[in-house]
Amino acid sequence: MGNVTAMFADAGFTVSDRCAVRPKSFDLAARRGEDLVLLKILGNVDAFDEASGREMRRLGMYLEATPLVIGLRTRDEELKPGVVYFRHGVPVLSPDTAMGLFVDDVPPLIYAAPGGLYVNIDSEVLADEREDRDWSLGRLAQELGVSRRTVSKYEDGMNASVEVASRLEELFGDDLTGPVDVLDGAEEVREADPMPEGPGVDPEDEHLVAVLTRVGFDVHPTQRAPFKAVSQSENRQSLLTGHSELTEAAVKRARIMSSLGTVTRTQAVYFVEETSRESIEGTALVEHGEAEDVEEADELRKLVEERTEQSSA
């Protein structure tokens, strides 16, 4: 965890505090400019379960972030440098691959998928090279040891195995491969499963969710985050929202929410039954009664902003 935090700091990212609560789908948030990454750090990436994968993907959508796992190995082998793997739809990198991408600005070119290792082929360059040589689809297929239909698919945008890509570059002498765009979630090669649906509302939060919905927020509950939900107004501005009694555990969560809010460029608010405090380190505290008196989303956002400004002052 410390090494990954230091690596992202060296790469110019602002890194949040560690999400030291359980259960947790991600460990850190990190931002550099417009690039926001939600990070899960594991020794064995097989420990990354489906529930965490679903939540990280949803949070990536709500917060306009890239979910990413950094790990050392599976139960069977070490992760190879320069290769993007996937677990439950989330890109997975080894520390060396992450170092190359974020510190050295050298993106990975290979990704793992069922059946082996693959690369992105520049289909237009491939078609131009073949036509410049006046080769038919059949001729190139023969040179590659594949079918004519497969060559046609390469030129239509299908990716190729590492072996085929290597043979293509031997034949044409040009670089025909493109990088895997990890910071866009590697959507062009990611498993084609649809965005998972969110969990239902915790019964203890139903009244508060009804209040937030009434004033104009879309409330997206979480199950494995330091906050109970991401609440978004019509203009897509987000609030990290928490809710519970104001216990020591709640104070800890509010502090983490404040750090995450800074990195994700969102406001953080914790709803409680009663308190004499205005905020906790940048997370606004709002009593239930105050929330019920709010008439519209901007009114709540202004209340949160006032209390967080008082905290910073």
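Values below: all heavy atoms of this structure, side chains included; hydrogens, waters and symmetry mates excluded. No experiment lies behind these values; they were computed from the predicted model shown.
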Q. Using a distance-only test with no angle check, is there a side-chain donor-acceptor pair under 3.5 angstrom linking Y85 and S94?
A. no
Q.
To the nearest 0.5 Å, what is the distance between OG1 on T5 and CG on D10?
A. 11.0 Å
Q. Nearest heavy-atom pair of V164 and V146: which atoms, and what distance?
A. CG2-CG1, 4.5 Å
Q. Above 12 or not: heavy atoms from other molecules or residues under 6.0 Å from CD of E124?
A. no
Q. For S259, does its backbone N or O pair with a side-chain atom of D17 as donor and acceptor, under 3.5 Å?
A. no
Q. Given N159, which of Y154, Y111, Y118 fulfils the side chain to side chain donor-acceptor pair (under 3.5 Å) condition?
A. Y111
Q | More than 12 heavy atoms from other groups under 6.0 Å of CD on E290 | A | yes
Q. For E204 and H243, does a side-chain donor sit closer than 3.5 Å to a side-chain acceptor?
A. no
Q. Is F271 reachable from V211 through a run of hydrophobic residues whose side-chain heavy atoms are each under 4.5 Å from the next?
A. no
Q) To the nearest 0.5 Å, what is the distance between CG (L303) and CD (E278)? A) 8.0 Å
Q) Is T283 reaching over with its side chain to a backbone N or O of S258, donor-acceptor style, under 3.5 angstrom? A) yes
Q. Counting distance only, does the side-chain N/O of K252 pair as donor-acceptor with the main-chain N or O of A20 below 3.5 Å?
A. yes
Q) So how far is it from T262 OG1 to Q267 CD, rounded to the nearest 0.5 Å? A) 11.0 Å
Q | Joint hydrophobic cluster, V230 plus V215, side-chain heavy atoms closer than 4.5 Å | A | no
**Q.** Rounded distance (nearest 0.5 Å) linking atom CG of N3 with atom CD1 of I41
**A.** 10.5 Å
**Q.** L126 CG to E131 CD distance, which is reported to the nearest 0.5 Å
**A.** 9.5 Å
Q. For the atom pair CD1 (I121) and CE (M158), what is the distance rounded to the nearest 0.5 Å?
A. 9.5 Å
Q. Would you say T266's side chain and L240's backbone share a donor-acceptor pair under 3.5 angstrom?
A. no
Q. Would you say E234 has more than 12 foreign heavy atoms packed within less than 6.0 Å of its CD?
A. no
**Q.** Crowding at CD, E170 (>12 non-hydrogen neighbours, <6.0 Å)
**A.** yes
Q: Look at the side-chain heavy atoms of Ile, Leu, Val, Met, Phe, Trp and Tyr, link any pair under 4.5 Å apart, and say whether L239 and V272 land in one connected group.
A: no
Q. When you check the gap from the basic side-chain N to the acidic O, do R54 and E50 get nearer than 4.0 Å?
A. yes
Q.
For a quick test of reading the model, state the closest non-hydrogen atom pair linking V269 to M257 and the distance between them.
A. O-CE, 3.5 Å
Q.
Donor-acceptor pair, distance only, cut-off 3.5 Å: does the side chain of K24 make one with the backbone of K40?
A. no
**Q.** Heavy atoms from other residues, nucleotides or ligands near CD of E64 exceed 12 (cutoff 6.0 Å)
**A.** no
(Q) Does D128 have more than 12 heavy atoms from other residues, nucleotides or ligands lying within 6.0 Å of its CG? (A) yes
(Q) Let me check something: do V21 and L246 share a hydrophobic cluster, defined by ILVMFWY side-chain heavy atoms less than 4.5 Å apart, either directly or through other members? (A) yes
Q) Can we say D134 and R139 salt-bridge, meaning some charged N sits less than 4.0 Å from an Asp/Glu carboxylate O? A) no
Q) For the side chain of R130 and the backbone of W135, is there at least one donor-acceptor N/O pair under 3.5 Å apart? A) yes
Q: Classify the ring geometry between F8 and F13 as parallel (under 30°), tilted (30 to 60°) or perpendicular (over 60°).
A: perpendicular
Q) Above 12 or not: heavy atoms from other molecules or residues under 6.0 Å from CG of D105? A) no
Q.
Tell me the closest heavy-atom pair linking A29 and L38, and the distance in Å.
A. CB-CD2, 3.9 Å
Q | Single-linkage hydrophobic cluster, 4.5 Å side-chain cutoff, M1 and M99 together | A | yes
Q) So, does R301 use its side chain to make a donor-acceptor pair with the main chain of S233 at under 3.5 Å? A) no
Q) What is the ring orientation for F26 with F227, classed by angle as parallel under 30°, tilted 30 to 60°, or perpendicular over 60°? A) tilted
Q. Do R265 and E34 meet the salt-bridge criterion of a basic N to acidic O distance under 4.0 Å?
A. yes
(Q) Salt bridge or not between E129 and R133? Use side-chain N to carboxylate O under 4.0 Å. (A) no
